> 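Have a look at the structure that comes next, please.
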Number of protein chains: 2
Amino acid sequence: MSPRRERADAQRNREAVLAAADRLFAASTSPGGVSMDDVATAAGVGKGTLFRRFGDRDGLIQALMEKRIAPLREAVAEGPAPLGPDTPARERVPALMAALLRFKLDNRHLALALETGGGNSPYRAGHYTWWHTLLRDAVRGIPGAPDADFTAHALLAAVRADLVEHLAGGEGAPPERLEERLEAYVAKVLA
Amino acid sequence: MSPRRERADAQRNREAVLAAADRLFAASTSPGGVSMDDVATAAGVGKGTLFRRFGDRDGLIQALMEKRIAPLREAVAEGPAPLGPDTPARERVPALMAALLRFKLDNRHLALALETGGGNSPYRAGHYTWWHTLLRDAVRGIPGAPDADFTAHALLAAVRADLVEHLAGGEGAPPERLEERLEAYVAKVLA
DNA sequence: CTTCAAACGGACCAATGGTCCACATCCTAG
DNA sequence: CTAGGATGTGGACCATTGGTCCGTTTGAAG
């Protein structure tokens, strides 16, 4: 039952891999430009180690993402308003969306890697389900909003990594402008 | 200047490839399950021919898509209301969205292949740009709607192939239900 | 120090998108 | 009808990449 603490070298390697991967993804323009070999090499680790730890490419990216998003997740799960659970729905939904957008802006490379990564849709990732459930329940608390389940999906779609990348990266829209536009849009949906 | 008509065998082969590819994509659950080799073999054609004609995987998929969507495109560009250009914006936007959703439902495999295909985002495909411009201009005609450019992006995001697939395929939502939900959502956005 | 489960690393594998070019086929000029 | 150049063909070949395997090394418990 007691899973016997992680070996010291294992831990060191895990962190090295995570760090290297983060660096590489941030440096590359498109996630596809970073191969698992690259990551292993940059981390000074064999491929076997890499795969043993993270299972597959997707696992690595998810681990990376999880680490980065943890603070936000916590703020949402048990923090104060306007993100925490005690916030009135009307105020919380826009706040959640704004936070998500900001996160994706700040972590474009990772979000992109996660969402456009393998052939498997982002909709199966636990990540997505978590946000969807959260948002859906929040939307439910707003009278007059249409079907909460679908609305949550549609709202999340509006901040998908590649769209954000297209708007902020491809076209040169500054973050604030995007935030404004999203805010207005969300307001309209919840009106 | 006159590009000298396409050779007869070439045409025959092109059609064979298109047909085979369509069939294969329709049959496979995920687009990744269909390799270029598969297509070539199924079409009774060499790989060289395949690539000569369509350039690369993406080219093939785009050609396929183009063929399928042509009627809808035409109906929108020069047909009668509620899709054609003479439709009042208030009525046209929902109609466009409904038509797009239905199209994606009817061509799930293709839409999926196109949007989740290569590492390149769907946002660079001429396909997307066309719809976005169209929708943006239509939204502009509706007083009270927020920023038309962003709204168009957000609305299109709500009918992205993988989301549609997730809702209609993964969960078992019947098409009509989806259409209703989308309609209500769009109405809200344009209210 | 001994022991052994845990971890390592890199050679190896299979799949796949894409290229190349010797050869076949079509079309047209004469 | 024929010849010859343009166009098209096919499949061997290549490079890359995610992922596996297993003989060797290493950390840590006793």
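These figures come from a predicted structure and were not determined experimentally. So you know, we letter chains A, B, ... as the sequences are listed, proteins then strands, and number each from 1.
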> Looking at B:A158 and A:F150, what are the two nearest heavy atoms and their distance?
O-CZ, 4.4 Å
> What is the distance, rounded to the nearest whole Å, between atom CG of A:L50 and atom C1' of D:dT17?
13 Å
> Give the rounded distance in Å between these two atoms: CD of A:Q11 and C1' of D:dT26.
16 Å
> Could you tell me the separation between the CG atom of A:D58 and the C1' atom of D:dG19, rounded to a whole number of Å?
14 Å
> Any donor-acceptor pair under 3.5 Å between the side chain of A:R7 and the base of C:dA7?
no
> Of A:D37 and A:G46, whose nearest nucleotide on DNA chain C comes first from the 5' end?
A:G46
> What is the distance from NZ of B:K47 to P of C:dA15, rounded to the nearest Å?
13 Å
> Relative to the ring of A:Y128, is the ring of A:H153 parallel (under 30°), tilted (30 to 60°) or perpendicular (over 60°)?
parallel
> Taking only side-chain nitrogens and oxygens of A:T49, does any of them come within less than 4.0 Å of OP1 or OP2 of C:dG9?
yes
> Looking at C:dT19, C:dC8, C:dT25, which one has an atom nearest to any side-chain atom of B:F51?
C:dT19
> With no angle test and no hydrogens, is the base of D:dT9 tied to the side chain of B:R52 by a donor-acceptor pair under 3.5 Å?
no
> So, taking the atom named CG in B:L114 and the one named CD1 in B:I61, what distance separates them when rounded to the nearest 0.5 Å?
7.0 Å
> Is the shortest side-chain N/O distance from A:N13 to OP1 or OP2 of C:dA7 below 4.0 Å?
no
> What is the distance, rounded to the nearest whole Å, between atom CG of B:D38 and atom C1' of C:dG18?
15 Å
> For A:R5 and C:dA5, give me the distance from atom CZ to atom C1', rounded to whole Å.
16 Å
> Starting at CZ of A:R12 and ending at C1' of D:dT26, how long is that distance when rounded to a whole Å?
10 Å
> What is the distance from CE of B:M36 to P of C:dT16, rounded to the nearest Å?
12 Å
> The side chain of A:S35 lies closest to which of these nucleotides: C:dC26, D:dT17, C:dC8?
D:dT17
> For A:G44 and B:V34, find the nucleotide of DNA chain C closest to each by heavy atoms; which residue's nucleotide sits nearer the 5' end?
A:G44
> Which of these passes side-chain contact (heavy atoms from CB on, under 4.5 Å) with B:L182: B:L101, B:L155, B:V164?
B:L101
> What's the closest nucleotide to the side chain of B:D56 if the choices are D:dT20, D:dT9, C:dG18?
C:dG18
> Step by step, would you call A:L156 with A:L100 a side chain to side chain contact (heavy atoms under 4.5 Å, CB included)?
CA-CA 9 Å; A:L156 286 177; A:L100 243 187; 3.5 Å; yes
